Every structure is written in C-alpha cells, then in structure tokens.
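Report on one structure; see the data block that follows.
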Protein chains: 2
Amino acid sequence: MAGTKSRRRGEQLEHAILDAAWEELREVGYARLTVEAVAARAGTSKPVIYRRWAGRAELVIAAWQHRAPTEHRTPDTGALRSDLLVLFTTIARRADAMMNEVVAGVMSEAFRHPEVAALLRERLVADSPLAGTVRRIVDRAVERGELLPVRLPSRVTRLPLDLIRNENVMCGTPPDDDVLASMVDDVYLPLLRGLAAP
Amino acid sequence: MAGTKSRRRGEQLEHAILDAAWEELREVGYARLTVEAVAARAGTSKPVIYRRWAGRAELVIAAWQHRAPTEHRTPDTGALRSDLLVLFTTIARRADAMMNEVVAGVMSEAFRHPEVAALLRERLVADSPLAGTVRRIVDRAVERGELLPVRLPSRVTRLPLDLIRNENVMCGTPPDDDVLASMVDDVYLPLLRGLAAP
DNA sequence: TCAGATAAGAAACGCAACGTATCTAAGGGG
DNA sequence: CCCCTTAGATACGTTGCGTTTCTTATCTGA
C-alpha cells in the first residue's frame, strides 16, 4: 500500500477495476457512481478505464457480468409449492434492490446510446437458464401427480423473474416473504393449474 | 408573435411550460431533455422553471400528469378473450415507448433524490382504475358462463400493466399484436381459469 | 391613477462529472 | 539491454444542472 509501486497490467488490472466498480455500485449505487471514484478505488486513473470501456454504462455492465452468477440450482423439496417458493426466494435474493437500480440507470443511458441497450438486454435475457429450472420443477410435480402434464410457453418460464424485477423496480426494495408467497399462490400456481386444464 | 412582448404569468405560463416539456419529451426523450431546452421552447427562462419545480424529474412528472389521462373504458365485446385483447391493446397503446423511457429515466433519478421515487410510484399506481376494469370484464365472463366465479387478488388485476411495462422496458418498443396475444393466451387466460378451479 | 409589490425574463456563475489529450516512466518482449 | 507498449498522473474542454443577481413588465390596491 505505502511503498508498493508495482504497476499492474492486463487481466490483473482489469479485474481490479471491475471489482472496484462493483464495490462502488454496492456502496453508492449507479446514479452516484462516477468513473473517477472507480479509478481512485482501483488505484488507477480514468484514461486506463476509458481505454477499455466506452463509457460508464459499459463499465458497469462489465462489472456486473464479472460478478453476478447466472446459474440456478434446481430446488427439490418434494412439493411444487415449496419448490416454487425456494425458486422465487433465490431469484429475489440475487435480484436485489441494487441490481434493479443498475438496470434502471443503465436503461436510462441506453436511450442516449442505443448500442448500450443491446448489451443490457443481452445481459437480462442471459438469465434464460431459468427456463430449464422451471421446467424441471414442473416435470417433477407432474411425475408426483401434483399437476397434469403441461406445455410451458417461454413467457411463462420468464414470468418469475419478470414479476420480481417489476416488484423491485416499483417498490425500491426487494420483495419480502409475504410478497413472494403471493406471487406463488396468487399468480404462479393458479397459472400452472390453468395451463394444465384444457 | 413577432412583436408580442406580453409577459405571461400564473396558470397560463405554467401550462406553456408543461406543454413545452411534453413536446420536448416526445421529440428527444427523457435522457436528452434539458431544462434549458424546455425554457427556450416555452419562451421563458430557467429560473422561472426552478421557481415552480425542484428539478428535472419533478418537471417531467408534472408534464406527464398534465397530459396523460388515466381513465379506461371497459371493453365489452361479448367474449372474455376478445375483451382481454382489447384491454391489453389499449394499455399497450397508451404505455408506449416514450412513456417507458420516461419511467426509466425518472426511476434512475429517483435513487438520487428519494422524494422523487414517491412521486413516481404514486403516478404509476394511480393506474389502479385498471383493477375495476379487470373485475368488470371477469364478472361479465362469469355471467355468460365462460368462467367459474373467481376471487381476484390485486396482484392479478395489476398483472396486465406489469406485463406490458416489462415488455416495453426490455424491448424498447411497444409490444406488437402477437406479443399481446401471447400475454392473453399464454398467461392471463390460463391464470383466470386456474384461479377459478379449486 | 399612480405606487409599490410581485414575479418574469436575461445573463452569468459555480459545480460536478463526463470524456479526452498530453506527458512521464515502468516493465515486458525482442 | 534497448524499445515499445501502456499504466498512471494531470490538466483540459464541454455539457448541463441548479443558483444568483439584476432589470423590468404587469398586477393590485389605495
């Protein structure tokens, strides 16, 4: 720290910057994140950042990609309702308020620089492993006889994430357990049953 | 026009500013809207605007409130599916891409100035006449025998708007007829049927 | 009708943050 | 061991916010 003048390069430096950006996001959020602060935190300077990313939005998306995992472990509790509750809870924990502030902020930037919009959408749709997870949960419920066999349109497999993101965005806080339960009991379970009926 | 040096005041001036802000929104969007441009378009100056509203976000929300109507006419086509299609289409037409850019932009500002968040949420939840519309549509379907009697949680009555807003935000464009049809056929109708079944 | 209060309009400012240009020097590759 | 890439520092130009100051038109009320 004091005397370490070793100059980082390449990947090592890049990771340091992305980590710094992530920390900065967590502490002050997207709206207040400045490139200078990220540079300072990473112990480097603005030009180094601008040589790698075209702007603030790109940097933030990269940091996000660098940090946020996209895998789900498929819950297996032995019952459809509790599987869904675990799934919704997992998504909600990960898609916390900060992430939604990032989405909102990047989104508003996306209109100024259309190429950012593509990046963002790509990142958001990248969560499509969700579809497989939902299908596995439903398949097991069908095997147990909890549900009639059912075809799942992609709009339905995407719905958990859409509901949670929407709630996050509108309330500014991650949905609590009651809200998650209402998503499952008022919307998702009835929907699955309705899809199963002719 | 050329020589009219008459100085406007009070309501007349306020309306001129809000109209100018609205036009500016339509032409350049939220991200590129500047208070100076609004002032110029309204033929006035920045201080006049800042004497009335605390900032850009407040101004935009006021302009929006000044312009956007919130009433729905309940569709009555004689069948549940077509009623829903009309409803979804109406909402989608009104909640066009611009409006969503505004939501996104204001949202990102809302994190910097928390009092803005309240304004925004208020404005978005103000769309709750939707709940009544949905209930009327469903009641009529029940009367016709298309559906078993059903209790509608508020999460369900809000769902059309949530689905459409989400689509708008993710795609950047208003959902086309196919997408709207898939919302009705893949999600909303099955959901209603599922709610009706025990 | 006229005087004073009120608020519009204009110009300029300070500030913050973006994104860039210029320079020095570190350290890896030939 | 020299050179060439590029990290790191500094300073700059720009944009747009929100504010300040000042002048002057218009409204109000005695």
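Computed from a prediction, not measured in an experiment: that's the story for all the values here. Each chain gets a letter, A, B and so on, in the order its sequence line appears, and its residues count up from 1.
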Sugar-phosphate only, base, or nothing, as touched by B:Leu33 at under 4.0 Å among non-hydrogen atoms
sugar-phosphate
So that I can tick it off, tell me whether A:Asp177 and A:Arg93 are bridged by a salt bridge, with the cut-off set at under 4.0 angstrom between side-chain N and carboxylate O.
yes
Rounded distance in Å - [atom1] ([X]) to [atom2] ([N]):
| X | N | atom1 | atom2 | result |
| --- | --- | --- | --- | --- |
| A:Arg52 | D:dT6 | CZ | P | 9 Å |
| A:Trp53 | C:dT20 | CH2 | C1' | 18 Å |
| A:Glu58 | C:dG19 | CD | C1' | 12 Å |
| B:Gln12 | D:dC27 | CD | C1' | 14 Å |
| A:Arg32 | C:dC18 | CZ | P | 14 Å |
| A:Glu36 | D:dT10 | CD | C1' | 11 Å |
| A:Glu11 | D:dT6 | CD | P | 14 Å |
| B:Arg9 | D:dT26 | CZ | C1' | 5 Å |

Quick one, which residues of residues 43-51 of chain A touch DNA chain D with a heavy atom under 4.0 Å?
A:Thr44, A:Ser45, A:Pro47, A:Val48, A:Arg51
Backbone N/O of A:Thr157 and side chain of A:Arg135: donor-acceptor pair under 3.5 Å:
no
Quick one: list whatever passes side chain to side chain contact (heavy atoms under 4.5 Å, CB included) with [X], sequence neighbours left out.
| X | answer |
| --- | --- |
| B:Ala40 | none |
| B:Thr74 | B:Thr133, B:Arg136, B:Ile137, B:Arg140 |
| B:Arg51 | B:Pro47, B:Val48 |
| B:Glu36 | B:Thr34, B:Lys46 |

So, does B:Arg8 get its side chain near the phosphate of D:dC27, meaning an N or O under 4.0 Å from OP1 or OP2?
no
Kindly write out the residues that satisfy salt bridge (charged side-chain N to carboxylate O under 4.0 Å, His left out) with A:Asp185, not counting sequence neighbours, or none if the list is empty.
A:Arg81
Choosing from C:dA17, D:dG8, C:dT6, which nucleotide comes nearest the side chain of A:Thr34?
C:dA17
